[in-house]
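Indexing begins at 1, ligand by ligand and atom by atom, following the structure's order.
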Amino acid sequence: MLKSSSSSILRRQNFLIRTLIGSHYNNQIHIINKPTQKLSAQFVSMTTTTEADSESILRRITPTLDPNRHKGQAGKVAVIGGCREYTGAPYFAAISALKIGADLSHVFCTKDAAPIIKSYSPELIVHPILEESYSIRDEERRSILSKVLAEVAKWMERFDCIVVGPGLGRDPFLLDCVSEIMKLARRSNVPIVVDGDGLFLVTNNLDLVSGYHLAVLTPNVNEYKRLVQKVIGTEVNDQDAAEELLYLARGIGGTTVLRKGKSDLISDGVTVNMVSIFGSPRRCGGQGDILSGSVAVFSSWARQCISVAESDSSTSRVNPMVLGCIAASALLRKAASMAFQDKKRATLTTDIIEYLGRSLEDISPAS
Ligand SMILES: NC(=O)C1=CN([C@@H]2O[C@H](COP(=O)(O)OP(=O)(O)OC[C@H]3O[C@@H](n4cnc5c(N)ncnc54)[C@H](O)[C@@H]3O)[C@@H](O)[C@H]2O)[C@@H](O)CC1
Ligand SMILES: Nc1ncnc2c1ncn2[C@@H]1O[C@H](COP(=O)(O)OP(=O)(O)OP(=O)(O)O)[C@@H](O)[C@H]1O
Ligand SMILES: [Mg+2]
């Protein structure tokens with residue numbers, strides 16, 4: 001009985017993967033020119049840009065609510081962020097993951113930030129383990145770094161994805177600890193979404209993500225500018241945005257980059273996809289944090305889908321991190337648009353989070 005139901009799930013997932021490949025790859029940007037090896041500012045605009053079929057990707061990667069599944073199977077994510085200044089950003093990322101459908105969402109933050117983040121929500125599992133320079137003496141650094149790492153190591157293998165950076169701050173000692181956490185995640189093959197101050201860290205230490213195919217960078221306008229300057233050595237060229245992003249992703253060794261903006265552009269150095277469905281004209285802070293938590297969940301779901309069908313050799317063409325980005329971008333934009341219809345100028349990030357569930361329900365009904 002159990003065997004026959006699991007083989008029917010397997011058959012369904014194999015079917016989903018095959019249709020996924022078909023629809024997704026018909027809707028990506030086609031790179032007509034073969035980029036030269038040398039990274040160059042002189043991109044020749046030869047791409048045709050089409051919109052990703054995000055609704056069908058969302059529908060296909062979102063798991064069904066199966067009564068046989070146990071807690072954790074729909075996703076366990078962790079946000080590394082939250083310091084003295086910023087407590088909203090890690091909360092937005094972590095709660096968004098739960099609202100979309102993850103089972104467990106953790107936050108690893110500084111000791112100061114933890115009671116505040118806990119008070120926002122009893123749903124989050126909050127670990128007050130990070131320290132900033134002001135709270136420690138120089139001679140304690142080494143022992144505190146080992147303690148922080150040991151604490152995170154106890155949990156790391158349980159996570160399907162970690163999100164590094166929302167509200168992390170830029171304290172040098174804290175960033176040293178986070179670099180070690182990222183190395184640990186990489187050694188454990190745990191996917192990493194890098195956002196906010198995590199991008200400040202990574203831009204100055206590209207080796208942390210370079211060549212890691214399970215990493216996603218989600219830069220906003222400023223963060224993208226700094227990345228392009230560092231990796232390509234030029235100013236941003238909006239005329240040839242798709243080619244530039246492709247070169248950037250290649251320059252980081254095939255790490256997926258989601259460039260946020262009026263249209264979101266996504267590349268892993270092989271393809272470039274675009275999501276530009278209407279969102280909201282409100283640009284209140286925190287929407288990028290929703291996105292990073294959502295990418296963590298959707299890319300984990302896409303990986304689950306693909307790993308079930310691994311025997312199908314054609315699946316090697318599908319990058320689950322890219323699918324996760326497309327799904328997350330589309331869902332956030334839909335939720336933002338619904339929240340704006342309701343709240344207009346008063347729309348805040350918490351309002352958008354309240355619409356995540358209904359937006360997903362419209363595309364992939366729970367029953
Ligand atoms: N409630 C919270 O706790 C929030 C905390 N956040 C955190 O704040 C930290 C810094 O992130 P930021 O996004 O502010 O860093 P950025 O480097 O993107 O922004 C720095 C400055 O650039 C300006 N800027 C933003 N968009 C611009 C544009 N399109 N053109 C020109 N200038 C622009 C901003 O006004 C800001 O003063 C991160 O850790 C982030 O996660 C943000 O996520 C927002 C919400
Ligand atoms: N001009 C725009 N029009 C429509 N949607 C946009 C626009 N700019 C950004 N977005 C959407 O908002 C989301 C967040 O992007 P934004 O650039 O605000 O990130 P951010 O600055 O990192 O946010 P945060 O305040 O959380 O740090 C993106 O996924 C994008 O889809
Ligand atoms: Mg941000």
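Counting only N and O atoms by type, the side chains of Gln341 and Tyr355 include no donor and acceptor under 3.5 Å apart. Using a 3.5 Å distance cut-off with no hydrogens or angles, the side chains of Ser56 and Arg60 do pair a donor with an acceptor. Side-chain polar atoms of Thr256 and Asp268 form no donor-acceptor pair below 3.5 angstrom. Side chain to side chain, Tyr247 and Ser267 fail the donor-acceptor criterion of an N or O pair below 3.5 Å. Side-chain contact of Gln287 with Thr349: a donor-acceptor pair under 3.5 Å is absent, judged by distance alone.
At the top of the distance list for atom 4 (C) of ligand 2, counting protein heavy atoms only, stands Arg283 NH1, 3.6 Å. Closest protein heavy atom to atom 17 (O) of ligand 1: Arg226 NH2, 3.3 Å. The shortest contact between atom 10 (C) of ligand 1 and any protein heavy atom is with Tyr86 OH, 3.9 Å. With hydrogens left out, the protein atom closest to atom 23 (O) of ligand 2 is Gly288 N, 3.2 Å, a heavy atom. Ranking the protein heavy atoms by distance from atom 1 (N) of ligand 2 puts Lys262 CA, 3.6 Å first. Glu223 OE2, 4.6 Å is the protein heavy atom nearest to atom 11 (O) of ligand 1. At the top of the distance list for atom 9 (C) of ligand 2, counting protein heavy atoms only, stands Gly261 O, 3.5 Å.
With salt bridges taken as basic N to acidic carboxylate O contacts below 4.0 Å, one links Asp264 and Arg333. A salt bridge links Lys343 with Asp351: at least one charged nitrogen is closer than 4.0 Å to a carboxylate oxygen. The pair Glu151-Lys147 fails the salt-bridge criterion, with no side-chain N (NZ, NE, NH1 or NH2) lying under 4.0 Å from an Asp/Glu carboxylate O.
If you number the atoms of ligand 2 from 1 as listed, the ones under 4.0 Å from a heavy atom of Asp289 come out as 26 (O). In the vicinity of Leu332, heavy-atom distances shorter than 4.0 Å reach the ligand 2 atoms 13 (C), 29 (O). Against a heavy-atom cut-off of under 4.0 Å, Pro166 is close to the following atoms of ligand 1: 41 (O). In the vicinity of Gln287, heavy-atom distances shorter than 4.0 Å reach the ligand 2 atoms 14 (C), 26 (O). If you number the atoms of ligand 1 from 1 as listed, the ones under 4.0 Å from a heavy atom of Leu168 come out as 39 (O).
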Starting from the C-alpha separation in whole Å, work towards a yes-or-no answer on side-chain contact (heavy atoms from CB on, under 4.5 Å) for Asn237 and Asp240. CA-CA 6 Å; Asn237 170 6; Asp240 300 310; 3.3 Å; yes

Evaluate Ser359 against Met338 for side-chain contact (heavy atoms from CB on, under 4.5 Å), listing each step before the verdict. CA-CA 8 Å; Ser359 305; Met338 287 170 130; 3.4 Å; yes

Can you list the steps and then say if Val107 with Tyr91 is a side-chain contact (heavy atoms from CB on, under 4.5 Å)? CA-CA 8 Å; Val107 177; Tyr91 164 78; over 6 Å; no

Full working for side-chain contact (heavy atoms from CB on, under 4.5 Å) between Arg259 and Val221: CA-CA 8 Å; Arg259 178 187 180 182; Val221 64; 5.8 Å; no

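With a 4.0 Å cut-off on non-hydrogen atoms, Lys262 does not touch ligand 1 at all. Looking at Asp195 against ligand 1, nothing comes within 4.0 Å, counting heavy atoms.
With distances taken over non-hydrogen atoms, the option nearest atom 20 (P) of ligand 2 out of Glu223, Lys260, Arg259, Arg282 is Lys260. The option from Gly88, Ala89, Gly288, Pro90 that lies nearest to atom 6 (N) of ligand 1, judged by heavy atoms, is Ala89. For atom 20 (C) of ligand 1, the candidate residues are Val221, Thr87, Asp289, Asn222; the nearest heavy-atom contact is made by Asn222. Across the listed options Leu199, Asp197, Asn220, Asp197 owns the non-hydrogen atom lying nearest to atom 38 (C) of ligand 1. Considering Asn222, Asp264, Ile277, Leu258 only, the shortest heavy-atom separation from atom 30 (C) of ligand 2 involves Asp264.
Distance check, rounded to the nearest 0.5 Å: OG1 of Thr62 to CD1 of Ile100 gives 9.0 Å.
Checked against a 3.5 angstrom limit, the closest N/O atoms of Ser280 and ligand 2 fall outside it. An N or O contact shorter than 3.5 Å is missing between Leu291 and ligand 2 by distance. Distances between N or O atoms of Gly167 and those of ligand 1 include at least one value under 3.5 Å. Taking only nitrogen or oxygen atoms, main chain and side chain alike, Arg333 reaches within less than 3.5 Å of ligand 2. Between Asn220 and ligand 2, at least one pair of N/O atoms sits closer than 3.5 Å. Remark: ligand 1 and Phe92 share no N or O pair separated by less than 3.5 Å (distance only, no angle test).
By the definition of a contact as any protein heavy atom under 4.0 Å away, atom 36 (C) of ligand 1 is not in contact. In this structure, atom 24 (N) of ligand 1 has a protein heavy-atom contact shorter than 4.0 Å. Inside a 4.0 Å radius of atom 14 (O) of ligand 1 there is not any protein heavy atom.
Not a single donor-acceptor pair under 3.5 Å links the side chain of Asp342 to the backbone N or O of Ala339. Side-chain N or O atoms of Ser188 include one that pairs as donor or acceptor with a backbone N or O of Leu184 at under 3.5 Å. Between the side chain of Ser364 and the main chain of Glu361, no donor-acceptor pair closer than 3.5 Å is present. Looking only at distances, a side-chain donor or acceptor of Asp171 sits under 3.5 Å from a matching main-chain atom of Leu174.
Within the 4.0 Å heavy-atom cutoff, Gly196 does not count among the residues contacting ligand 2. Distances from ligand 1 to the non-hydrogen atoms of Gly286 include at least one value under 4.0 Å. Proximity of Gly165 to ligand 1 is established by a heavy-atom distance of less than 4.0 Å. Using 4.0 Å as the threshold, Lys260 has no heavy atom nearer than that to any atom of ligand 1. The shortest separation from a heavy atom of Gly285 to ligand 2 is under 4.0 Å, placing the residue in contact. The closest approach between any non-hydrogen atom of Gly286 and ligand 2 is below 4.0 Å.
Shown here is Arg283, whose CZ atom has more than 12 heavy atoms of other residues, nucleotides or ligands within 6.0 Å.
In this structure, Arg170 is positioned above the aromatic face of Phe200, its NZ or CZ under 6.0 Å from the six-membered ring centre and within 45° of the axis.
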